[in-house]
Structure formats: C-alpha cells, structure tokens
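Please read the structure below before turning to the comments.
Along the sequence shown, residues carry numbers from 1. Remember, predicted model here, so these are calculated numbers, not experimental data.
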Amino acid sequence: STNSEIAISVCIANYNGNETLRECLDSVLDQAFEHNVEIIVHDDASTDNSVEFIRTEYPQVKLIISKTNVGFCISNNRMVTVAKGEFVLLLNNDAALRKDALSLLYAYARDEHFDGILTLPQYNAKTGQLMDMGSFFDPFLNPVPNTNPAQQQVGMVMGACLWIPRTLWNALEGFPEWIGSLAEDMYLCLRAWNSGYQVRSLSQSGYDHHVGHSFGGGKVDNNKLHSSYRRRAMSERNKTYIMAIFYPTPVLVALLPIHLCLLMTEGFILSVYLRSFRPWNEIYYPVINGTFKQRRSLLIERQKIRKENRHSLQQWLKLFTPLPQKLKLLLRHGFPQVS
C-alpha cells in the first residue's frame with residue numbers, strides 16, 4: 001500500500017508480552033474493516049521470545065527492536081514517527097479489540113468530523129466486566145471510571161486503547177519522555193483538552209484487557225487491590241507532576257499542599273500497616289523530594305501549557321468529581337497489597 005492508502009496505524013508497545021501478543025495481534029487482523037491497516041510493534045528489549053514469535057508468526061507486522069528498555073512513552077513515540085496512517089490507535093500488548101472496533105472508531109472520526117481523542121469501553125478480559133468508558137478525575141488526579149454510556153465526553157482515556165489523528169499527535173508532541181510509563185495517557189488527554197480538543201469514549205464495541213499484565217499490579221483480585229512498588233512510585237510521581245503542570249493557578253495553590261500532605265500521611269500509614277519503611281522510601285519520599293527538586297522544570301513546562309489553555313475554570317472543574325477516589329477504593333477493598 002502507498003502511504004495515502006493506510007487509514008489506521010495500530011501501534012503496540014511490547015515488553016515480554018509473548019503470552020498475550022497472539023490474542024492482541026489476531027484481534028487487529030480479524031477486524032471487520034474495509035480500509036488498509038498497518039500494525040507496528042515496538043519491542044522494548046524483551047527477554048522472552050517475543051521478537052522471534054512476531055518474526056515467525058506475523059511477518060506482516062512492522063517490527064521495531066530496541067536494544068535497551070526505554071519505556072512506554074519512547075516506545076510509542078518511535079512507532080508514531082514511522083506510522084503512515086491518517087489515524088493512530090495505541091493498543092496495549094495485553095488488550096484485544098472486539099471485531100467491529102476499528103470500523104466504529106473510523107466511522108465516528110470521519111462522519112462526525114471528530115479530530116480529538118477517542119476510546120472504546122474497556123472490559124476485564126478475565127471476568128468480562130465493564131471497567132470504564134473513559135474516566136473523570138478526583139481532586140488529586142486519580143482516574144474515576146465512567147460507566148455511563150450516555151456520558152461520552154470524559155477527562156481521559158486509557159493508553160491501552162487510545163485513538164488519535166496522527167496530525168493531532170504531532171501537534172501535541174506525543175508523550176513526554178520524562179514520564180517513562182504510567183499517566184502518559186493522562187498527560188496527553190489533558191494537553192489535548194487544554195488546547196481545545198475533546199476527549200470522548202464511544203459506548204459500542206470495546207476491548208478486552210488483561211489488566212496489569214504488561215506492567216504489574218493495578219488490578220483487583222478477590223476484592224483486594226494489588227499493585228507493585230514500581231507502579232505506585234511512577235504513578236504517584238507522574239500524577240503529582242502533571243497536577244503541577246496543568247492545574248489552574250487557584251486550584252493548584254489550594255490543592256498541591258494538601259496533596260503532598262496526604263501523600264506523606266498515606267506513606268506513613270502504609271509503612272506502619274506493612275511494618276516496613278519500604279513504601280515511604282520507594283514511593284512517597286521520592287515524590288515529595290522530586291517535586292521540590294524539579295520545581296523549575298515543572299514551572300517552565302507549566303508556563304508553556306498554560307499559554308495553550310482554551311478553557312475557563314468552570315469548564316475545567318467539569319472534568320472532576322469531588323470525592324477522593326483513593327478513599328472509595330480503601331472503603332471497598334481495604335489497604336492495597338503492594339509487592
């Protein structure tokens with residue numbers, strides 16, 4: 001196919017995903033879609049046989065092999081750089097599209113002249129339960145799942161299945177490399193919304209996601225929330241930095257000190273509960289210390305982002321719900337199991 005004939009570039013960041021790659025790739029190849037699709041996989045220095053598996057079983061896949069592990073952000077940036085499609089779909093290696101996913105996304109983007117970010121309903125691959133149709137935020141940037149089919153406009157969508165015009169991706173400069181992994185989808189969606197583009201979830205079709213398989217943690221088993229030290233550390237750091245970059249000044253002045261105090265309290269309580277200083281040393285102290293050390297870099301980024309802002313404070317607050325999501329999770333599942 002010539003470049004102009006490719007409608008969608010499906011970009012799959014892979015690290016040791018051999019257990020789920022077949023399901024993921026087959027779900028793309030089996031789409032009921034009449035236009036041309038290219039599949040790009042970035043292998044992030046996997047130590048399993050992912051590369052050989054793709055080369056042998058899926059020779060039609062455009063494979064980018066990284067010599068070193070660079071993380072989710074750089075992996076996707078590299079793929080979109082070589083992508084030829086009018087639209088890009090970022091898809092996790094542990095996610096599988098339902099058969100009409102691409103046709104619905106493409107038709108909506110074309111028929112509605114929609115030039116923002118889209119997603120589909122996310123289902124738990126293990127249980128079949130609907131997890132979200134995009135998310136809103138609590139006051140401290142924890143995602144609050146949207147399960148209302150009538151509510152299409154949301155604050156963010158998960159990077160596990162994120163649709164974006166390639167021109168918009170380039171205009172937003174893709175994922176910032178300093179994030180590494182986790183909350184990069186939050187950053188991109190907030191930057192798009194901040195620049196006047198909408199973020200929506202369709203209510204039809206969907207994708208099945210083996211939650212936590214690609215990065216560890218972030219899932220509920222036996223009514224207990226499971227996570228990892230690495231995941232929690234990166235998530236808390238990145239959410240805090242994003243808060244410092246995007247929040248309107250009155251909101252930031254009011255909430256950032258409260259947020260940092262709550263993190264200190266949470267770190268102390270969790271360390272006592274687990275009878276270990278490891279949560280404090282590996283998760284909470286680095287966030288608080290890093291926010292202070294990176295204050296100048298964050299300020300420079302903030303000044304750039306705030307110049308792009310197209311929304312009033314009232315419009316901004318519509319993306320948020322008042323009740324802290326962590327409190328709801330604590331009451332529902334108890335303290336997280338961190339490993």
Side-chain angles (χ1 to χ4, degrees), residues 71-73 76-77 80 88 90 114-119 122 132-146 151-201 234-256 258-259 287 290-291 294-295 297-322 324-326:
F72 192 77
C73 288
N76 280 284
N77 288 345
V80 181
V88 170
L90 308 185
F114 183 77
D115 59 355
I117 294 177
L118 287 172
T119 195
Q122 177 182 200
D132 67 69
M133 289 181 253
S135 298
F136 293 97
F137 305 109
D138 78 356
F140 307 106
L141 272 189
N142 297 296
V144 180
N146 167 49
Q151 181 63 57
Q152 284 195 327
Q153 188 164 321
V154 292
M156 68 167 287
V157 307
M158 298 299 172
C161 180
L162 188 153
W163 169 281
I164 185 171
R166 188 159 55 91
T167 53
L168 178 56
W169 172 278
N170 292 333
L172 298 177
E173 304 174 295
F175 289 145
E177 295 185 359
W178 59 263
I179 285 182
S181 299
L182 295 176
E184 71 291 320
D185 41 16
M186 179 183 294
Y187 179 100
L188 189 70
C189 290
L190 282 175
R191 185 160 184 191
W193 187 86
N194 187 69
S195 299
Y197 297 90
Q198 292 192 37
V199 180
R200 295 183 189 173
S201 174
M234 296 185 74
S235 175
E236 295 295 354
R237 182 200 69 175
N238 292 342
K239 285 187 298 182
T240 301
Y241 288 6
I242 292 169
M243 181 187 297
I245 291 168
F246 283 95
Y247 272 25
T249 300
V251 180
L252 182 67
V253 170
L255 288 185
L256 185 59
I258 297 173
H259 171 67
V287 174
T291 303
Q294 298 296 325
R295 63 191 185 279
S297 298
L298 293 172
L299 179 60
I300 293 171
E301 180 75 2
R302 175 179 174 79
Q303 291 171 339
K304 171 186 172 182
I305 295 299
R306 295 304 297 166
K307 287 180 180 178
E308 300 173 355
N309 181 51
R310 298 292 183 270
H311 296 285
S312 66
L313 178 60
Q314 185 177 7
Q315 290 172 315
W316 171 268
L317 294 176
K318 289 181 179 179
L319 301 179
F320 291 80
T321 60
Q325 180 69 1
K326 283 186 180 179

Query raised in the report: When rounded to the nearest 0.5 angstrom, what distance separates CE in Met156 from CD1 in Ile242?
Result: 8.5 Å
Report task. For Phe136, enumerate each residue passing the ring pair (Phe, Tyr, Trp, His ring centres under 6.0 Å) test, keeping only those at least two apart in sequence or located in another chain. Result -> none
Query - Non-neighbouring partners of Tyr197 that pass ring pair (Phe, Tyr, Trp, His ring centres under 6.0 Å), sequence neighbours left out - result: none
Query raised in the report: Between Leu188 and Ile164, is a side chain to side chain contact (heavy atoms under 4.5 Å, CB included) present by the stated rule, with each step listed?
Result: CA-CA 10 Å; Leu188 189 70; Ile164 185 171; 4.2 Å; yes
**Report entry** Side chain to side chain, Lys304 and Ile300, heavy atoms closer than 4.5 Å
**Finding:** no
Requested in this report: Apply the test side chain to side chain contact (heavy atoms under 4.5 Å, CB included) to residues Cys161 and Gln122: give CA-CA distance (whole Å), side-chain angles for both, the deciding distance (0.1 Å), then the verdict.
Outcome: CA-CA 8 Å; Cys161 180; Gln122 177 182 200; over 6 Å; no
Report task. Give the intermediate values and the outcome of side chain to side chain contact (heavy atoms under 4.5 Å, CB included) for residues Asp115 and Leu168. Result -> CA-CA 8 Å; Asp115 59 355; Leu168 178 56; 5.9 Å; no
Report task. Check ring pair (Phe, Tyr, Trp, His ring centres under 6.0 Å) between Phe320 and all other residues, then give those that pass, not counting sequence neighbours. Result -> Phe137, Tyr247, Trp316
Query raised in the report: Per the side chain to side chain contact (heavy atoms under 4.5 Å, CB included) rule, which among Thr291, Leu141, Leu298 passes with Met243?
Result: Leu141
Requested in this report: Kindly indicate whether the side chain of Trp178, heavy atoms from C-beta on, has any atom under 4.5 Å from the side chain of Asn238.
Outcome: yes
Query raised in the report: Does any non-hydrogen side-chain atom of Val88 lie less than 4.5 Å from one of Trp169?
Result: no
**Report entry** Closest contact, heavy atoms only, Pro143 versus Pro145
**Finding:** O-CD, 3.7 Å
Query raised in the report: If you round to the nearest 0.5 Å, how far is CE of Met186 from OG of Ser235?
Result: 7.0 Å
Query raised in the report: Can you name the nearest heavy-atom pair linking Gly116 to Pro165, along with the distance?
Result: O-CD, 3.2 Å
Report summary line: In terms of heavy-atom contacts, Phe72 and Gly159 come closest through CZ-O, 4.1 Å
Query raised in the report: Is it the case that more than 12 heavy atoms not belonging to Gln314 sit under 6.0 Å from its CD atom?
Result: no
Query raised in the report: What distance do Leu172 atom CG and Leu190 atom CG have between them, rounded to the nearest 0.5 Å?
Result: 11.5 Å
Query raised in the report: Residues two or more places apart in sequence or in another chain: which of them pass side chain to side chain donor-acceptor pair (under 3.5 Å) with Asn194?
Result: none
Query - Gap separating the CE atom of Met133 from the CD atom of Gln151, nearest 0.5 angstrom - result: 10.5 Å
Query - Flag side-chain contact, heavy atom, 4.5 Å: Ile179 against Tyr241 - result: no
Query raised in the report: Rounded to the nearest 0.5 Å, how far does CD of Gln198 lie from CZ of Phe114?
Result: 5.5 Å
**Report entry** Rounded distance (nearest 0.5 Å) linking atom CG of Asn146 with atom CD of Gln152
**Finding:** 10.0 Å
Query - Where Leu319 and Val154 come nearest, the two heavy atoms and their spacing - result: CD2-O, 4.2 Å
**Report entry** Validation row: Val157, Leu118 side chains within 4.5 angstrom (heavy atoms)
**Finding:** no
Query raised in the report: Between Asn309 and Ile305, is there a donor-acceptor pair closer than 3.5 Å when you use the side chain of the first and the backbone of the second?
Result: no
Query raised in the report: Short question: side chain of Arg306, backbone of Phe246 - any donor-acceptor pair under 3.5 Å?
Result: yes
Query raised in the report: Which pair of heavy atoms, one from Arg302 and one from Pro248, lies closest together, and at what distance?
Result: NH2-C, 3.7 Å
Report task. Check side chain to side chain donor-acceptor pair (under 3.5 Å) between Thr240 and all other residues, then give those that pass, not counting sequence neighbours. Result -> His259
Query raised in the report: What side-chain hydrogen bond (donor to acceptor under 3.5 Å, both in side chains) pairs are there with at least one residue in residues 182-192, not counting sequence neighbours?
Result: Glu173-Arg191, Tyr187-Glu301, Arg191-Glu308
Query - Non-hydrogen atoms of Thr321 and Pro139 that approach each other most closely - result: O-CD, 3.3 Å
